[in-house]
Novice: 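Dumping the structure here so I can ask a few things about it.
Keep in mind that what you see is a predicted model, and the values were worked out from it rather than measured.
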Number of protein chains: 2
Amino acid sequence: MLDYEGKVVSVAVRVSATSIVDAVANDLRARILQGGLSTKISLTETETATTYDVARPTAKAAIEKLVAEGLLVRGAHKTARVAELGPDSVRDIYLARAYLESEVLRRLASVRAVPAGAVRANLDIAAVSGGSAMDVVEPDMRFHTCLIDAVGSERISKIYRSLVGEVRLCMTRVQSLNLLDTGLIQAEHQRILELLADGDGQAAALLLDEHLGRARERLVEAIGGTAGPEARLPSSLIPL
Amino acid sequence: MLDYEGKVVSVAVRVSATSIVDAVANDLRARILQGGLSTKISLTETETATTYDVARPTAKAAIEKLVAEGLLVRGAHKTARVAELGPDSVRDIYLARAYLESEVLRRLASVRAVPAGAVRANLDIAAVSGGSAMDVVEPDMRFHTCLIDAVGSERISKIYRSLVGEVRLCMTRVQSLNLLDTGLIQAEHQRILELLADGDGQAAALLLDEHLGRARERLVEAIGGTAGPEARLPSSLIPL
DNA sequence: ACCTTGACGATTGTCTAGCAAGTATTCACG
DNA sequence: CGTGAATACTTGCTAGACAATCGTCAAGGT
């Protein structure tokens, strides 16, 4: 269950000599993001310790790591659970995303920078057009992450990554991910890249606001909240 | 040394029933931000445990908390030290600040929102005009924090607070804080607030970029780097 | 003289064991 | 059926210990 065979062969094939608590935290995070853990079941320290065959302080540290990341929530003397992430949290996460990405687009457009990774990610979105809707999540995330990383700021990238973790967390809550048309996503991404090449940061930021706002309200609706007006399609792209 | 008398009276006067590790982390953070700890001295786990009279895992948790905040750095099996924060780190921190605050100003201007707390903070800056240069740091920080908090996003505020912690950390490295004229700071803040009231987000964002860019390069120069061209005064405000 | 290697101290990572305190559940009783 | 107390469970924290690793430094070989 853990990619860590015993304790003696800590350095065998992998160059990454991750600590035990990191290994536990990583596997736990993967299980959470994959949706294997519901918000109802409780993540006891002793329970996680026994499942991973580690001591309780180690499991405790791993849990606290994930709590700091926002994927788990825990009160004092209370057992940890997977974060709830209701409609208000989703809106807050997407608002923070929009703040970061809007400004990033403006600054990228001011130097007419079109990140190569984003172009490739958008091509990958088109490639999986026929597959499952879940397969589009990864390239979609990669597109936005590449935009953020293009500014070359260590802290901005770190901040965005924590937000992405929460986004993926609330996406696992939605089983049917047919929230958006793949073609629409790809087309809007393409337009954003074009606007970057044109140096029109203002238009790119506005389009991104639309893009994220629609995804946000669709996600809110899928979680159980009431979708806002941003959920509707743009008038120029409504299918006949 | 710790506002926590023994272990039995965990709830005595303070309403804040902080845990022991939080109390240690808070006091440690205060000492770091106050400049009481240099980057040269090493923060050993056992050392911290003995000074605060707690067990080693408790001190370890507190140290790891501060490492996660970015105030301490520590490699594997290596002792923790106060973060170095050279010129490149300072530029990265201020870049992230600028990204967040620029977009915040744009959105605040779009609804012509002028946060009352920011107005008050700027008045406080003018009030301490005759005092020490160190006294202007607190209202200055408060001005910018109020702008961020005005958008009402829990995550954006949290993100910004972590950046502010790092800013204050590298400010403690500079003993002589005569980096900027108090009058200039106050005047630019005032102009930003006016632009918010006018709804001109673009101009507010540009002025903020100048404002932060100048502070950033002055700070870079003060800690040993070579200041960029942003350090100079605006042509309209150069004193005769 | 320089480089490699070995040893040693210091520090961290992890474990075991346990006690105290707080929370949640359950069960008896009115 | 509702309420309060007893109980089990979980967490917060401590003490002690051992292994692994890093840094330094000295000894030895080339």
Novice: Do B:Arg56 side-chain and D:dG16 base share a donor-acceptor contact under 3.5 Å?
Specialist: no
Novice: What's the CD1-C1' distance between B:Ile41 and C:dT11, to the nearest Å?
Specialist: 16 Å
Novice: Give the residues of residues 68-81 of chain A touching DNA chain C, defined as any heavy atom closer than 4.0 Å, sorted by residue number.
Specialist: A:His77, A:Lys78
Novice: Between B:Arg106 and A:Glu103, does any NZ, NE, NH1 or NH2 come within less than 4.0 Å of an OD or OE carboxylate oxygen?
Specialist: yes
Novice: Give a yes or no on whether the backbone of A:Asp22 and the side-chain of A:Asn26 come within a donor-acceptor separation of less than 3.5 Å.
Specialist: yes
Novice: Nearest whole Å is fine: how far is D:dC13 C1' from A:Glu64 CD?
Specialist: 12 Å
Novice: Is the count of non-hydrogen atoms from other residues, nucleotides or ligands lying under 6.0 Å from B:Arg74 atom CZ greater than 12?
Specialist: yes
Novice: Over all heavy atoms of both residues, which pair between A:Ser157 and A:Asp149 is shortest? Give the atoms and the distance, please.
Specialist: OG-OD1, 2.7 Å
Novice: Measure from NZ on A:Lys60 to P on C:dG13 and round the result to the nearest Å.
Specialist: 17 Å
Novice: Return the value, rounded to whole Å, for the distance between atom CD of A:Glu45 and atom C1' of C:dG22.
Specialist: 14 Å
Novice: For B:Phe143 versus B:Ala118, what's the shortest heavy-atom pair and its separation?
Specialist: CD1-O, 3.3 Å
Novice: Rounded to whole angstrom units, what separation is found between the CD1 atom of A:Ile20 and the P atom of C:dT12?
Specialist: 18 Å
Novice: Send over the distance from B:Asp22 CG to D:dT11 P, rounded to a whole Å.
Specialist: 17 Å
Novice: Taking CG from B:Asp53 and C1' from D:dC13, how many angstroms apart are they, rounded to a whole number?
Specialist: 13 Å
Novice: Quick check: are there more than 12 heavy atoms from other residues, nucleotides or ligands sitting under 6.0 Å from CZ of A:Arg107?
Specialist: yes
